[in-house]
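The basis for the numbers below is simple: all heavy atoms, side chains too, and nothing from hydrogens, waters or symmetry mates. By convention here, the first residue in the shown sequence is residue 1.
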Amino acid sequence: MSKENKIQSLEIGLNILEIIATYNKPLKFSEIQNITSMTKSNLHKYLTTLHEFGAIQRNPDNTYSLGHKLIQLGNLAQGQTSIVEVVIPYLKKISEKTGLTALLAVPSVGGPLVSYISDALYGINIGAQIGTNLPLHSSTGVIFASFHNELVKKWLDSEMEKLNEAQLKELQKEFETARKTYFVSKIEPLVTHVSSFSVPILNFEKELLGAITIVGYTQTIPTSSDHPVSRYIINISKEISSQYGFSESVSSE
């Protein structure tokens, strides 16, 4: 975008908001000034305007953090478009590009719930349909167990109770790897000649919103996050997640 089409003061204000959000802690006036290199008088005007709008709040200890207005606007934005509507175009694009089946699973009290399937160019029985709850030992199940979502907690506790100590230990290793790579590959327990890999969709708190799962014959499914197809899908999941405020550089703690 050319400079003629941009409002510089608005861009500066948005930059201040991004700085406060990125540091993930209340910032002092002096800290914001050091980061932005703005004069005290100019910065004061911007902070006052943002505060009056509700985009930031001035705390009792004279620090600044994000305000209630951003939460309201974020909730409205999320409410206008469900995650299924957001992800469907990406799933269709994935199937067209890879020739593999792509599906979206969302959290439910019964575990990962298949909410949409974009079929591959060839027929394949993936052992699931819309409305199916996927098991813990599927790639989708491991992704759901690796990232927090309160809705699936009872399902996860129930599934974990069925496992012996050795199985639990092995699963914990899978969870740790999934959190590092944002990727899980499995031979599907529902259909033996079919494999899948899954990647998470996360929000700004790194809470799980859903998972994209790619399904195909075992010989066609990557087993590593470094495979070009895996990287392609991981990048798509991060692009979707960024729409919900996700950033790898921001800690959820």
Please step through side chain to side chain donor-acceptor pair (under 3.5 Å) for the pair S118 and S95, ending with a clear verdict.
-> CA-CA 6 Å; S118 180; S95 289; 3.1 Å; yes

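- P107 and L208 make their closest contact through CG-O, 4.0 Å (heavy atoms, listed as atom of the first residue, atom of the second, distance).
- The shortest side-chain heavy-atom distance between I12 and M38 falls under the 4.5 Å cut-off.
- Checked against side-chain hydrogen bond (donor to acceptor under 3.5 Å, both in side chains), Y46 has no partners two or more places apart in sequence or in another chain.
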Taking it one step at a time, do F183 and I234 satisfy side chain to side chain contact (heavy atoms under 4.5 Å, CB included)?
-> CA-CA 7 Å; F183 176 89; I234 291 170; 4.1 Å; yes

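- Of all heavy-atom pairs between S146 and E174, the closest is OG-O, 4.5 Å.
- Atom NE2 of H51 has more than 12 heavy atoms from other residues, nucleotides or ligands within 6.0 Å.
- Classification of the F246-Y182 ring pair by plane angle, with boundaries at 30° and 60°, yields perpendicular.
- When atom types are taken as modelled, the side chain of S196 and the backbone of V215 share no donor-acceptor pair closer than 3.5 angstrom.
- Exactly one of I212, V199, N235 qualifies for a side-chain contact (heavy atoms from CB on, under 4.5 Å) with I240. That residue is I212.
- Using a 4.5 Å cut-off on side-chain heavy atoms (C-beta onward), T63 and K25 make no contact.
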Worked verdict on T140 versus S198 for side chain to side chain donor-acceptor pair (under 3.5 Å) | CA-CA 5 Å; T140 315; S198 298; 3.3 Å; yes

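- For the pair I221/H227, no side-chain contact is recorded, criterion being any heavy-atom separation below 4.5 Å from C-beta on.
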Kindly determine whether S108 and N133 satisfy side chain to side chain donor-acceptor pair (under 3.5 Å), including the steps that lead there.
-> CA-CA 8 Å; S108 76; N133 281 113; 3.1 Å; yes

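- Only one option out of V229, I143, V184, T213 pairs with F197 in a side-chain contact (heavy atoms from CB on, under 4.5 Å); it is V229.
- For the side-chain contact (heavy atoms from CB on, under 4.5 Å) with L163, the lone residue among E159, E161, Q167 that qualifies is Q167.
- Relative orientation of the F144 and W155 rings is perpendicular, given thresholds of 30° and 60° on the angle between their planes.
- Side chains of M160 and Q172 form a contact here, defined as non-hydrogen atoms less than 4.5 Å apart.
- Proximity of L151 to V109: side-chain heavy atoms (C-beta onward) are separated by under 4.5 Å at one or more points.
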Go through Y23 and E31 one step at a time and tell me if the side chain to side chain donor-acceptor pair (under 3.5 Å) criterion holds.
-> CA-CA 11 Å; Y23 275 75; E31 291 175 318; over 6 Å; no

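- Using a distance-only test at 3.5 Å, with no hydrogens or angles considered, no donor-acceptor pair links the side chain of S230 to the main chain of D226.
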Please report the C-alpha distance between T49 and F53 in whole Å, then the side-chain angles of each, then the deciding distance to 0.1 Å, and finally whether the side chain to side chain contact (heavy atoms under 4.5 Å, CB included) criterion is met.
-> CA-CA 6 Å; T49 302; F53 179 70; 5.7 Å; no

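- Using a 4.5 Å heavy-atom threshold, the side chains of H148 and K206 count as separate.
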